[in-house]
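To start, the structure under review is shown below, and the notes come after it.
In what follows, every chain begins at residue 1, and chains take the letters A, B, ... in the order their sequences are listed.
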There are 2 protein chains.
Amino acid sequence: MTQTVVQQPTSKAALISVSLAHAENLCRANRARLTPIRRRVLETLHNSNRPLGAYDLAAALAPQGRRMAPITVYRALEFLIEQGLAHRLASLNAYVASSQANDGRGTAAFLICEACGSVSEVSSPELHDAVSNLHKSHSFSPRARLLELTGRCAHC
Amino acid sequence: MTQTVVQQPTSKAALISVSLAHAENLCRANRARLTPIRRRVLETLHNSNRPLGAYDLAAALAPQGRRMAPITVYRALEFLIEQGLAHRLASLNAYVASSQANDGRGTAAFLICEACGSVSEVSSPELHDAVSNLHKSHSFSPRARLLELTGRCAHC
DNA sequence: ACATATATGTTATATAGCTACATATTTAAA
DNA sequence: TTTAAATATGTAGCTATATAACATATATGT
Ligand SMILES: [Zn+2]
Ligand SMILES: [Zn+2]
Ligand SMILES: [Zn+2]
Ligand SMILES: [Zn+2]
């Protein structure tokens, strides 16, 4: 009996369309509106293999030579970040799409490669606990966490 | 036999002068030059009970109405950060003097209170290990760590 | 005293993010 | 299904943060 090995849809395009579908669902569930502009910003972030600045996005989202008004991009980013669909990297003044892989795994950190510019979102229960204990031991009520580690990735 | 309880020099002014003396020693050891400008920037940071922006420093360091050239402040900050005497808080675009208390205790994090603006530099071996393991498990060579936790402090 | 490296002064510019207010679109109520 | 309210976008100008480029001054080592 022969077995057919089906190629899983792991191409970049396929992964992105999965992410966008997830975003649609999430927003529907939250009664939040993933408008065309917001969707295009998210899509552009997913299509990029490195973080994009707000003005990069503004340029990417307008036709040749022109550029979308920066405020429009900032408003879309604010929405996406609120929904947990994107992150701001404070050390780069740039933005990335959230990785599905890290959903609901608690405290996430970003590994930022200075050589190739790539960023990966990672987490560990150990890290989550350490941060959590740090809060507790200082009676600090957390709202936002910013964990960015800069250096060289495995490949560089 | 009577015992004289000597008041320890724990006033703010005394603590600051200890910190500045430490800075002098450190720079001497590193053959780095703690020039008057750099020293004044560091002193101003120590005198503040909250982080200061570069332009705040520029205003504070020039006589009434005038302001030091921003680039001068940025150059001084760059020096202080290189020497480990100050930190940049990326989530605030602001700067703080390093706490002596955290010297050589590995990875430090900052607890930033949104209500009162205070910042404390904290650490734990647990946090240090968690970050360290995260690096290792992703074959990532770290250079800089950015750990900022925003919320409400014990007092607020 | 000289040469070199380091630090500061001066001016202009780049980059990032936001305010204010008008218009359009969507949603919910009447 | 009008109407009203809430939400989103357009447009213009502005504020805040950070750096580039080049000249001058000061310190350091020979
Ligand atoms: Zn995420
Ligand atoms: Zn890399
Ligand atoms: Zn420190
Ligand atoms: Zn507080």
Exercise for the section: Quickly work out the A:Glu78 CD to C:dT19 P distance and round it to whole Å. Expected result: 10 Å
Contacts under 3.5 angstrom, residues 76-85 of chain A side chains, donor-acceptor by atom type, not counting sequence neighbours:
unit_1, atom_1, unit_2, atom_2, d
A:Gln83, OE1, A:Asn30, ND2, 2.9

Handout entry: Length of the CZ-C1' vector between B:Phe79 and D:dT19, whole Å
Key = 20 Å
Fill in the blank from the handout: Atom CZ of B:Arg67 and atom C1' of C:dT10 are separated, to the nearest Å, by 13 Å
Listed pairs, N/O of protein and of nucleotides 15-17 of chain C, under 3.5 Å:
unit_1, atom_1, unit_2, atom_2, d
C:dG17, OP1, A:Arg88, NE, 3.3
C:dG17, OP1, A:Arg88, NH2, 2.2
C:dG17, OP2, A:Tyr74, OH, 3.0
C:dG17, OP2, A:Tyr95, OH, 3.3
C:dG17, O5', A:Tyr74, OH, 3.3
C:dG17, N7, A:Tyr55, OH, 2.8
C:dG17, O6, A:Tyr55, OH, 3.3

Problem - Contacts of type side-chain contact (heavy atoms from CB on, under 4.5 Å), residue B:Arg40, not counting sequence neighbours - result: B:Leu61, B:Met68
Completion exercise
Given protein heavy atoms under 4.0 Å, the one-letter contact record of nucleotides 21-30 of chain D, with B base, S sugar-phosphate only and - none, is simply ------S---
Problem - Non-neighbouring partners of A:Ala69 that pass side-chain contact (heavy atoms from CB on, under 4.5 Å), sequence neighbours left out - result: A:Ile71, A:Thr72
Exercise for the section: Could you state the atom-to-atom distance from CG of B:Leu77 to C1' of C:dT8 in whole Å? Expected result: 15 Å
Practice task
Among B:Leu92, B:Val119, B:Leu89, B:Leu111, find the residue that satisfies the side chain to side chain contact (heavy atoms under 4.5 Å, CB included) test when tested with B:Glu148.
Solution key: B:Leu89
Practice task
Using the rule that two of Ile, Leu, Val, Met, Phe, Trp, Tyr join whenever any of their side-chain heavy atoms come within less than 4.5 Å, decide whether A:Leu147 and A:Leu149 are in one cluster.
Solution key: yes
Exercise for the section: Evaluate the ring planes of A:His135 and A:Phe140, with Trp represented by its six-membered ring, and classify them as parallel (under 30°), tilted (30 to 60°) or perpendicular (over 60°). Expected result: parallel
Practice task
Taking all non-hydrogen atoms of both residues into account, name the closest pair between A:His138 and B:Ala154 and its distance.
Solution key: O-CB, 3.9 Å
Problem - A:Ser137: side-chain contact (heavy atoms from CB on, under 4.5 Å) partners, not counting sequence neighbours - result: none
